[in-house]
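Input: a single structure, listed below in structure tokens.
Bear in mind that the values here come from a model prediction, so they are computed numbers and not experimental data.
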Amino acid sequence: MTSTKLRILAIASAVVVSTLGSAVVEAGGGVTGSIKFEGKKPKMRRIRMKSEPTCNAHHGDTKVREERVVVNENGTLKNIFVHVKSGLPAGKTYDAPAEPVTLNQVGCQYDPHVIGLQVNQPLKIVNSDTGVLHNIHSFGQPGNAFNVGQPGNGMELTQKFVKPEVMVRVKCDVHGWM
């Protein structure tokens, strides 16, 4: 795949909900490649976490930056999702995996930053920050939207998205940088 110039959509974190999964490979197809960034790497805004001492301490002396555009050392981009709109045989369906995908809140950041999952596949949301209140706020369409607090370390919440949707924005209302 050749290098591609991209218009970057700034998002806090995103979940992509599809009706397709790894079963596509079993059907005889797949998509591979890499997305490369051309030009000068953008400098991401620094995140200052002094208002949340636990998270500030988690990062130590590291200067935490936004992750809207993360260019790896080899020029490839991190946190990229490719949406394939068509190509499956008509009427072909795939069961959602029973295994959950995990979205962790650690150091007052989401890990990972972008997730892909299928309709009805569990999304396990974990608060790994000791003594830190987080909430997980999904801005999806009806059936995919939720806003739930997680006031303590180790708290877990499992959600399922019931409709396909590309790029559901997710944020924490407590920490504006998340």
Side-chain angles (χ1 to χ4, degrees), residues 1-47 49 55 58-59 62-88 92 94 96-97 99-126 128 134 136-141 144-146 158-172 175-178:
M1 178 177 277
T2 61
S3 297
T4 305
K5 290 184 180 177
L6 299 174
R7 178 176 296 163
I8 303 298
L9 171 65
I11 54 176
S13 189
V15 177
V16 180
V17 188
S18 78
T19 55
L20 309 176
S22 60
V24 174
V25 175
E26 295 168 14
V31 176
T32 61
S34 60
I35 305 296
K36 293 201 172 202
F37 187 88
E38 292 180 343
K40 184 178 176 185
K41 293 180 186 181
K43 186 171 181 174
M44 295 291 97
R45 184 176 63 89
R46 185 170 176 195
I47 300 172
M49 297 185 186
C55 294
H58 173 85
H59 296 285
T62 303
K63 291 181 180 176
V64 181
R65 304 241 176 232
E66 288 183 335
E67 294 185 334
R68 292 180 179 189
V69 181
V70 179
V71 182
N72 297 313
E73 291 302 316
N74 65 358
T76 59
L77 288 168
K78 185 177 177 180
N79 303 323
I80 294 297
F81 182 82
V82 176
H83 177 217
V84 179
K85 293 169 73 170
S86 62
L88 285 180
K92 186 72 175 164
Y94 299 96
E99 186 68 27
V101 174
T102 301
L103 176 61
N104 193 7
Q105 298 166 103
V106 60
C108 289
Q109 290 188 295
Y110 290 117
D111 181 36
H113 197 70
V114 176
I115 292 175
L117 59 129
Q118 285 183 252
V119 168
N120 291 317
Q121 181 177 5
L123 173 64
K124 182 170 74 171
I125 304 157
V126 180
S128 293
H134 288 300
I136 188 82
H137 190 169
S138 160
F139 292 87
Q141 60 182 306
N144 291 347
F146 55 88
T158 300
Q159 291 287 133
K160 289 185 180 180
F161 293 86
V162 298
K163 298 177 183 175
E165 190 168 355
V166 178
M167 294 299 164
V168 176
R169 185 171 164 254
V170 176
K171 69 175 261 191
C172 173
H175 305 101
W177 60 83
M178 290 181 71

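The two residues V119 and A96 have their closest heavy-atom pair at O-CB, 3.1 Å. When every heavy atom of G140 is checked against every heavy atom of E165, the shortest pair comes out as CA-OE2, 3.5 Å. What you find for F81 and G116 is that their closest heavy atoms are CE1-CA, 4.3 Å. The minimum heavy-atom distance between W177 and C108, with the atom names listed, is NE1-O, 2.8 Å. For M49 against C55, the heavy-atom pair with the smallest separation is SD-CB, 3.9 Å. A pairwise comparison of heavy atoms in P97 and P122 identifies O-CD, 3.6 Å as the closest pair.
A donor-acceptor contact shorter than 3.5 Å links the side chain of Q141 to the backbone of P164. Proximity of a side-chain donor or acceptor of N79 to a complementary backbone N or O of V70 within less than 3.5 Å is not detected.
Note that the CD1 atom of I47 and the CD atom of E67 stand 7.0 Å from one another [nearest 0.5 Å]. The structure places CZ of R45 at 4.0 Å from CD of E66, a figure rounded to the nearest 0.5 Å. Residue I136 holds its CD1 atom at 7.5 Å from CG of L123, rounded to the nearest 0.5 Å. Taking OG1 of T102 as the start and CD1 of I115 as the end, the distance is 8.0 Å to the nearest 0.5 Å. Here the straight-line distance linking atom CG of N144 with atom NZ of K160 works out to 13.0 Å at 0.5 Å rounding. Expressed to the nearest 0.5 Å, how far NZ of K171 lies from OG of S138 amounts to 12.5 Å.
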Item to complete: Using the side chain to side chain contact (heavy atoms under 4.5 Å, CB included) rule, take V126 and L103 through it: C-alpha gap first, then chi angles, then the decisive distance, then the call.
Response: CA-CA 6 Å; V126 180; L103 176 61; over 6 Å; no
Practice prompt. Begin from the C-alpha positions of R46 and R65 and carry the test side chain to side chain contact (heavy atoms under 4.5 Å, CB included) through to its verdict.
Written response: CA-CA 4 Å; R46 185 170 176 195; R65 304 241 176 232; 3.4 Å; yes
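When the disulfide bond (SG atoms under 2.5 Å apart) test is applied to C172, no partner is found at least two apart in sequence or on another chain. Legend: residues meeting side-chain hydrogen bond (donor to acceptor under 3.5 Å, both in side chains) with H175, ordered by chain and number and at least two apart, are E52, H134. Not counting sequence neighbours, the partners of T76 by the side-chain hydrogen bond (donor to acceptor under 3.5 Å, both in side chains) test are N72, N74.
Counting heavy atoms from C-beta outward, I80 and V114 have side chains that stay 4.5 Å or more apart.
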